[in-house]
Amino acid sequence: MPRLKVIRDGPYLVTGGVQLRRLARGEEGWIEDAPLDPGERYTLCRCGRTTKPPWCDNSHSKTRWDTYPTLVSVPRPVSWDVPISRSCVAIKPNGPLRVHGVEIVADDGTTFEPADRCSLCRCGRSRTMPFCDGTHKEIGFRG
């Protein structure tokens with residue numbers, strides 16, 4: 001079963017063979033780039049401090065970073081023109097993870113409201129963790 005687990009004070013753990021893709025800006029809007037092949041299980045940074053984006057390199061453990069889900073209901077993306085056809089995690093350049101068709105849970109067992117798609121924070125500063133609230137734009141996040 002495709003699953004993304006929000007690890008307390010740590011990364012996103014993705015299991016179940018969820019496809020990982022990068023997004024690129026095309027003439028008509030966002031397009032899917034070639035899929036990455038991270039394997040059946042992988043970890044993605046959510047603190048915004050990794051030196052190897054989008055992968056977690058344990059930078060969260062070297063700083064005082066303590067952020068855990070504050071929302072269980074899923075805020076809907078304001079505008080999401082990303083064409084995603086199956087369960088996947090898509091990396092928006094300098095922005096959030098776009099998640100489609102994947103169950104999201106916290107490591108304490110909390111299951112988030114089911115949603116067809118959502119945007120998860122990668123900069124580590126969202127006030128609606130683990131969901132994106134647009135803070136990456138305010139702080140000039142690059143990753």
Side-chain angles (χ1 to χ4, degrees), residues 1-25 29-143:
M1 173 184 211
R3 178 177 277 180
L4 185 145
K5 187 181 286 189
V6 181
I7 306 296
R8 182 177 193 86
D9 304 331
Y12 297 115
L13 172 62
V14 184
T15 58
V18 177
Q19 187 178 75
L20 181 64
R21 302 185 80 88
R22 289 191 187 276
L23 298 176
R25 189 59 121 158
W30 291 104
I31 58 172
E32 293 181 43
D33 207 348
L36 301 170
D37 186 16
E40 187 71 18
R41 173 184 170 116
Y42 52 95
T43 57
L44 299 171
C45 177
R46 73 181 187 105
C47 75
R49 295 182 171 98
T50 185
T51 59
K52 301 175 184 175
W55 314 112
C56 174
D57 67 359
N58 290 317
S59 290
H60 59 273
S61 64
K62 301 171 191 151
T63 60
R64 187 168 162 79
W65 185 74
D66 179 19
T67 185
Y68 203 59
T70 56
L71 292 180
V72 174
S73 62
V74 178
R76 300 299 183 244
V78 175
S79 63
W80 191 11
D81 58 353
V82 179
I84 297 176
S85 56
R86 56 173 275 206
S87 296
C88 82
V89 173
I91 305 159
K92 189 171 180 185
N94 306 319
L97 295 174
R98 301 292 198 175
V99 180
H100 173 72
V102 178
E103 179 185 35
I104 301 173
V105 299
D107 62 357
D108 69 357
T110 301
T111 300
F112 295 88
E113 171 188 290
D116 178 53
R117 60 187 181 178
C118 67
S119 297
L120 295 179
C121 177
R122 284 197 312 138
C123 75
R125 306 275 293 278
S126 174
R127 293 170 295 280
T128 59
M129 276 296 185
F131 303 102
C132 175
D133 69 356
T135 299
H136 60 276
K137 295 175 192 172
E138 297 169 22
I139 66 170
F141 174 71
R142 296 289 173 254

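Index from 1, following the sequence.
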Inset, instruction - May I ask you to decide whether Asp133 forms a salt bridge with Arg127, counting only side-chain N to carboxylate O separations under 4.0 Å? - result: yes
Legend entry - Within-4.5 Å side-chain heavy-atom neighbours: Val105 and Val6: no
Legend entry - Gap separating the CG atom of Leu97 from the CZ atom of Arg21, nearest 0.5 angstrom: 14.5 Å
Legend entry - Heavy-atom side-chain proximity of Arg142 to Pro53 below 4.5 angstrom: no
Legend entry - Close side-chain approach of Cys118 to Phe112, heavy-atom, < 4.5 Å: no
Legend entry - CG (Asp108) with more than 12 external heavy atoms under 6.0 Å: yes
Legend entry - Nearest heavy-atom neighbours spanning Gly143 and Arg122: O-NH2, 2.7 Å
Inset, instruction - Give, for atom NE2 of His136 and atom OG of Ser126, the distance between the pair rounded to the nearest 0.5 Å. - result: 10.0 Å
Legend entry - Ser87 side chain to Val18 backbone, donor-acceptor under 3.5 Å: no
Legend entry - Value rounded to 0.5 Å, distance of SG in Cys132 from CZ in Arg98: 7.0 Å
Legend entry - Interatomic distance, Ser119 atom OG to His100 atom NE2 [nearest 0.5 angstrom]: 13.0 Å
Inset, instruction - For residues Cys56 and Thr50, determine if any side-chain heavy atom of one lies less than 4.5 Å from a side-chain heavy atom of the other. - result: no
Inset, instruction - Give a yes or no answer on whether the side chain of Arg125 reaches the backbone of Ile139 with a donor-acceptor pair at less than 3.5 Å. - result: no
Inset, instruction - Mark yes or no for whether Arg46, through its side chain, and Cys121, through its backbone, hold a donor-acceptor pair below 3.5 Å. - result: no
Legend entry - Side chain proximity check, Leu36 to Ile91, heavy atoms < 4.5 angstrom: yes
Inset, instruction - Count the heavy atoms of every other residue, nucleotide or ligand shown that sit under 6.0 Å from NZ of Lys52, and state whether that count exceeds 12. - result: no
Legend entry - Exercise: identify the closest heavy-atom pair between Asn94 and Phe141: CB-O, 3.4 Å
Inset, instruction - Applying side chain to side chain contact (heavy atoms under 4.5 Å, CB included), run through Thr111 and Glu103 and close with a yes or a no. - result: CA-CA 8 Å; Thr111 300; Glu103 179 185 35; 3.9 Å; yes
Inset, instruction - Nearest 0.5 Å please: distance from the CD1 atom of Ile7 over to the OH atom of Tyr12. - result: 11.0 Å
Inset, instruction - Report the distance from atom CG of Leu44 to atom CG of Leu4, rounding to the nearest 0.5 Å. - result: 7.0 Å
